[in-house]
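Below is one structure, written out as C-alpha cells; comments come after it.
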Number of protein chains: 2
Amino acid sequence: MTDEDADALFHALAHAHRRRIVDLVSAQPGITVGRLACYFDVSRIAVMNHLATLERAGLVLSEKAGASRRLYVNTTPIQAIYERWTNAFSGHWASHLLNIKRASEQAAQKEKADE
Amino acid sequence: MTDEDADALFHALAHAHRRRIVDLVSAQPGITVGRLACYFDVSRIAVMNHLATLERAGLVLSEKAGASRRLYVNTTPIQAIYERWTNAFSGHWASHLLNIKRASEQAAQKEKADE
DNA sequence: TCATAATGTAATTACTATATTACATAAGAG
DNA sequence: CTCTTATGTAATATAGTAATTACATTATGA
C-alpha cells in the first residue's frame with residue numbers, strides 16, 4: 001500500500017457521511033445514487049462528491065445500469081488497513097493500553113545508552 | 001466510538017507524516033519532540049501540529065520530562081478501528097472482494113420487491 | 001419524438017488544513 | 001544569574017474540502 005493509497009483511504013473514512021455511505025451501500029448492495037442521497041440532509045451533489053472520494057479510495061465500486069448507477073462496497077482496502085496496522089503494532093497489541101511509566105523507564109535507559 | 005472520535009482518528013491517520021510519526025514513536029517509545037522532528041524535512045512546528053492532531057485522536061500520549069516532552073503511542077484507538085470495521089463487514093470478509101455481478105442480480109430482485 | 005427522471009458537470013463560497021517565520025516561555029549547565 | 005537548548009504560541013500565506021445552485025447530459029417510456 002503506497003502513501004497515496006493510504007492517504008486516500010483514511011481521508012475517505014474521515015467523514016461521518018462517507019462512513020455512513022459505506023454502511024448503507026454495504027447493507028444494500030446495488031443501491032442507486034439517488035436512493036442513497038435520500039438518506040442524507042445534504043444535497044445529492046454533496047453525496048456524489050463523497051462517492052467520488054470513496055471511489056478514489058477503492059472503497060466503493062459502481063456500474064452503470066441504464067440511467068442509474070449501482071453502487072457496491074469493496075472491502076479489500078479495509079483489509080489492507082487491518083494488515084498494515086495490526087502487524088505494525090502486534091508487539092504492543094497484547095497490553096491494549098500502553099503503560100507510560102514502564103516505557104518511560106525504558107526510554108531513560110535508552111537515552112543513557114545513546115550517549 | 002462516536003462520530004467525532006472516528007473523524008479525529010481517521011483524519012489523524014490520513015497524512016503520511018503522521019503515520020510515520022506513529023511508526024517512529026512506536027519504535028522509539030519516549031522519544032522527544034526535537035529528536036522526532038529531525039526525521040522530517042518540514043519544520044519542528046509542523047511536526048508539533050501533527051503531534052497535536054495525533055494526541056487529539058488519542059494515538060499519541062506525552063509526558064513532560066524536564067525541558068523535554070516524551071512521546072508514546074497508544075494502540076487502543078487502532079484496535080477500535082479494527083473492531084468497528086471488521087465486525088461491520090464480517091459478512092463480506094470471507095470473499096475479500098465483492099462479486100459485482102451477483103450483487104447486481106440481488107439488487108435487481110430487491111428493486112422489484114420494493115415496487 | 002417529447003417529457004421525465006437519473007445522473008453528471010461547472011462555478012462559487014465558506015471553511016479547514018498544512019506549512020511557514022518570528023517570538024515567547026521553561027528547564028538545565030556552568 | 002546567564003547562556004543554551006527544548007518546547008510552546010501567534011500571526012499568516014497557501015492550498016484543499018465540503019457544500020451550494022444552476023445547467024447539461026443521458027436513458028426510459030408514452
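All values below were derived from every heavy atom in this structure, side-chain atoms included, with hydrogens, water molecules and symmetry-related copies excluded. Below, chain A is the first sequence line, B the second, and so on; all start at residue 1.
- The nucleotide whose nearest atom lies closest to any side-chain atom of A/Arg18 is, among D/dA18, C/dT18, C/dG8, D/dA18.
- Note: CD (A/Glu63) to P (C/dT7) measures 13 Å, nearest angstrom.
- Between B/Arg69 and B/Glu55 there is a salt bridge, since a side-chain N of the basic residue sits under 4.0 Å from a carboxylate O of the acidic one.
- The phosphate of C/dA17 (OP1 or OP2) has no side-chain N or O of B/His50 nearer than 4.0 angstrom.
- For the 3.5 Å distance criterion, the side chains of B/Ser26 and B/Asp23 fail to qualify, holding no donor opposite an acceptor.
- Ranked by how close their nearest DNA chain D nucleotide is to the 5' end, A/His17 and B/Arg69 are led by B/Arg69.
- By the 30° and 60° cut-offs, the orientation of the rings of B/His50 relative to B/His15 is tilted.
- A donor-acceptor distance shorter than 3.5 angstrom exists from the side chain of B/Thr2 to the backbone of B/Asp5, with no hydrogens or angles considered.
- Looking only at side-chain heavy atoms (C-beta outward), A/Leu13 and A/Leu59 come within less than 4.5 Å of each other.
- Of the charged side-chain nitrogens involved, at least one lies within less than 4.0 Å of a carboxylate oxygen, so that B/Arg19 and A/Asp7 count as a salt-bridged pair.
- In this structure, CG of B/Leu54 is placed 14 Å from C1' of C/dA17, rounded to the nearest angstrom.
- Nucleotide C/dA6 holds its P atom 14 Å from the CG atom of A/Leu36, rounded to whole Å.
- Distances shorter than 4.0 Å separate none of the side-chain N or O atoms of A/Ser68 from OP1 or OP2 on D/dA27.
- Straight-line distance from the NZ atom of B/Lys64 to the C1' atom of D/dA6: 8 Å, rounded to whole Å.
- The CZ atom of B/Arg35 sits 12 Å away from the C1' atom of D/dA6 (whole-angstrom rounding).
- For the segment residues 39-49 of chain B, the set of residues with a heavy atom within less than 4.0 Å of an atom of DNA chain C comprises B/Val42, B/Ser43, B/Ile45, B/Ala46, B/Asn49, in numerical order.
- Computed from coordinates, the A/Ile31 CD1 to C/dA6 C1' distance equals 14 Å when rounded to whole Å.
- Both A/Met1 and A/Leu54 belong to a common hydrophobic cluster when Ile, Leu, Val, Met, Phe, Trp and Tyr are linked at side-chain heavy-atom distances under 4.5 angstrom.
- Within the 4.5 Å cutoff, the side chain of B/Leu51 has heavy atoms near those of the B/Val33 side chain.
- B/Tyr39 does not carry B/Arg20 over the face of its six-membered ring by the limits of under 6.0 Å from the centre and within 45° of the normal.
- Shown for residues 7-16 of chain A: residues whose heavy atoms fall under 4.0 angstrom of DNA chain D, namely A/His11, A/His15.
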